[in-house]
Amino acid sequence: PSVDPSVPISMRSFVLNQLDSNQRIQLLRRPVLKSDEMIAKVKPIVDDVRHRGDAALIELTNKFDKAQLSSTIVRPPYAPDSMALPLDVKDAIDLAYRNIRLFHDAQATKVPMVVETMPGVVCSRFSRPIARVGLYVPGGTAILPSTALMLGIPAQVAGCKEIVLATPPRPDGSISPEVMYVAHLVGASAILTAGGAQAVAALAYGTETVPKVDKIFGPGNQWVTAAKMMVQNDTDALVSIDMPAGPSEVLVITDSTGNPRFIAADLLSQAEHGVDSQVVLIAVNITDEHLSAIKHEIDVQARALPRVDIIRESIAKSIIVSTNSLEQAIEFSNDYAPEHLILHLENAPDVVNKIDNAGSVFVGGFTPESCGDYASGTNHTLPTNGYARQFSGVNTQSFQKHITSQEISQAGLTALGPAVITLAECEGLSAHANAVRVRLEG
Ligand code: HSO
Ligand code: ZN
C-alpha cells in the first residue's frame, strides 16, 4: 500500500478522566483472535502429519518453506560449520546465555519441600523434569536465536531428557547459524527443521523420526498458535502447551521525569515486532510540551528505522492515555495486564509493589525492554492478551512437575484417622473409612 510520507507516525490520544466506561473497556481490549477460523485451517495440516508422518512433514515443508529435505530431523553432534558465527555475535550469545542461565538456575525447585502437618504425618513435594519438550522458535521476518535461549535454557536447567528445537528451515534447507549455536549450547537432543502447524503436529504426535513430546513451548504466528491449541485439546496427543499466545505488547507509564527519546525508543522497539503489536503509553501529569516532545521523537526515530512500514501500521493503532493521577495510571495498567510494563517514573522502584498484573516489569529510565528481550536474565516468553492476570511467563518450573508424597506413622494415623473416617462416612464412602479402620483396629 502506498503511504503518504508527510503523514506523521503518531499514536491516538485519550484523556483517562474523559472516558466513559465503554470507551475505557474499548481501550483495554486487544484485537480479536479468530481462533475458530484458524483451527479449521490448521486441522487438515495437523491430521495429515498425524496420519502420514514424515512424508507429510517433508511435503508441507517443501510447500510452505520452499525447502527440499530428505529428512527434517538433525541430531547432534551439530556440524561446526553450521554454527560458525562472527566473534561479536558469539560473545553476545554467550553473555546472554550466562545471565539467563543464572536467573533460571535460581528458579529451579531443587530440594523437596517437607511439612509435618501433625506429629507423624509428613507431607512433601518434590520436582521432576518433564521428560520430553518441544521448543518452537519462529522463523519469518526476523530470526530469533533469543527465543531459542529463552526456551532452551530453562529446559536444560530443569533436566529435560529430550529437547526438540523446532524451527522453519531456510529455502536451502539450513537453519541460521545463530539458532544452531544456541541448540548446541542448550544441549538440544534434536532439531526439527520444520515450522508452522506441521511442526507442532509432528511434536505432538511424533513421526517415524520426530520424537513425540509431552509439552510444547514457544511463540509463533496464528497457524502455530491454533495448532498448539488444537493438539492440547486432543486427549490422544496427551500434550500440554506453555500458554495461549497473541501479538506482543508494551505499556509504558511515564511522568514529567521521563526522557522523551528513551520513551519513544521503547515504544518503537515493541512496535517493530509486527503490525499487530500493542503499544500503550500512559502519561501522568505531563505538560503539553513534554507530550509533544515524545510524539516528535516517535515520528523522527520511526522514520529512521528499517522496519518503518511495520511500525507505521502498529503505531497508528497504538494509544496514549493522559491522566493526572499515578493511582489511576496504575489501575489502568493492572486492568490492561500488559506483557511488558516499563516504568519511566521518578520513584519507579516504589511503584513495583503496586503492580498486580504484568508479564515482566522494567524499572526506571535505564531499563529498556530490549535488555529483557535478549540478555539481562529474565525470560521473554510472556503472557499477552491480558493473560498476565492468570499466567506467569515461561520459567524453569514450566519445565518441571511437582509430585507430592506423604508418609504417616502408626501414631500419626491414630491422631489423624478418626477425622478421615468421619469425613468418608459423611460422603457415604465406607471403603475409604475402612482403609483407615482396618489399620487402627490393628
Ligand atoms: N519482545 C519479544 C521478544 C523478542 N524481542 C525477541 C526481540 N527478540 C516478546 O514479546
Ligand atoms: Zn522484543
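All ligand and atom numbering here is 1-based and tracks the order in the structure. Since this is a predicted model, take the numbers as computed values, not measurements. What's counted below: heavy atoms across the whole structure, side chains too, no hydrogens, waters or symmetry copies.
Remark: distances from the non-hydrogen atoms of His273 to ligand 1 include one below 4.0 Å. Contact between His340 and ligand 1 is present, with at least one heavy atom of the residue lying under 4.0 Å from the ligand.
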Verdict with supporting geometry, Tyr78 and Met83, side-chain contact (heavy atoms from CB on, under 4.5 Å): CA-CA 8 Å; Tyr78 305 121; Met83 49 178 118; 3.4 Å; yes

Residues Asp266, His340; criterion side chain to side chain donor-acceptor pair (under 3.5 Å); working and verdict: CA-CA 11 Å; Asp266 285 349; His340 305 95; over 6 Å; no

Residue pair Leu27, Phe14: steps toward the side-chain contact (heavy atoms from CB on, under 4.5 Å) verdict: CA-CA 9 Å; Leu27 291 187; Phe14 302 87; 3.8 Å; yes

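Summary: NE2 is the N/O/S atom of His273 found nearest to the Zn ion (ligand 2). In Asp373, the N, O or S atom that comes nearest to the Zn ion (ligand 2) is OD2.
Close approach to Glu339 involves these atoms of ligand 1, each under 4.0 Å from a residue heavy atom: 9 (C), 10 (O). Taking every heavy atom of Ser146 and a limit of under 4.0 angstrom, the matching atoms of ligand 1 come to 6 (C), 8 (N).
In terms of protein heavy-atom proximity, atom 7 (C) of ligand 1 is nearest to Tyr374 OH, 3.3 Å. The nearest heavy-atom contact from the protein to atom 10 (O) of ligand 1 is Ser248 OG, 2.7 Å.
Here Glu369 fails the criterion, with no N, O or S atom under 2.8 Å of the Zn ion (ligand 2). For a distance bound of 2.8 Å, the N, O or S atoms of His380 include none lying that close to the Zn ion (ligand 2).
The aromatic rings of Phe366 and Phe262 stand perpendicular to each other, their planes meeting at an angle above 60°, with 30° marking the opposite boundary. Ring planes of Tyr336 and Phe332: parallel class, angle under 30° (limits at 30 and 60°).
The main-chain N or O of Gln23 is found under 3.5 Å from a side-chain atom of Asp20 such that the two form a donor-acceptor pair. Judged purely by atom type and a 3.5 angstrom limit, Gln107 uses its side chain to pair as donor or acceptor with the backbone of Thr396.
Partner of Thr257 under the side-chain hydrogen bond (donor to acceptor under 3.5 Å, both in side chains) criterion, chosen from Asp255, Asn259, Thr254: Asp255.
Residue Glu369 places at least one N or O, backbone or side chain, under 3.5 Å from an N or O of ligand 1.
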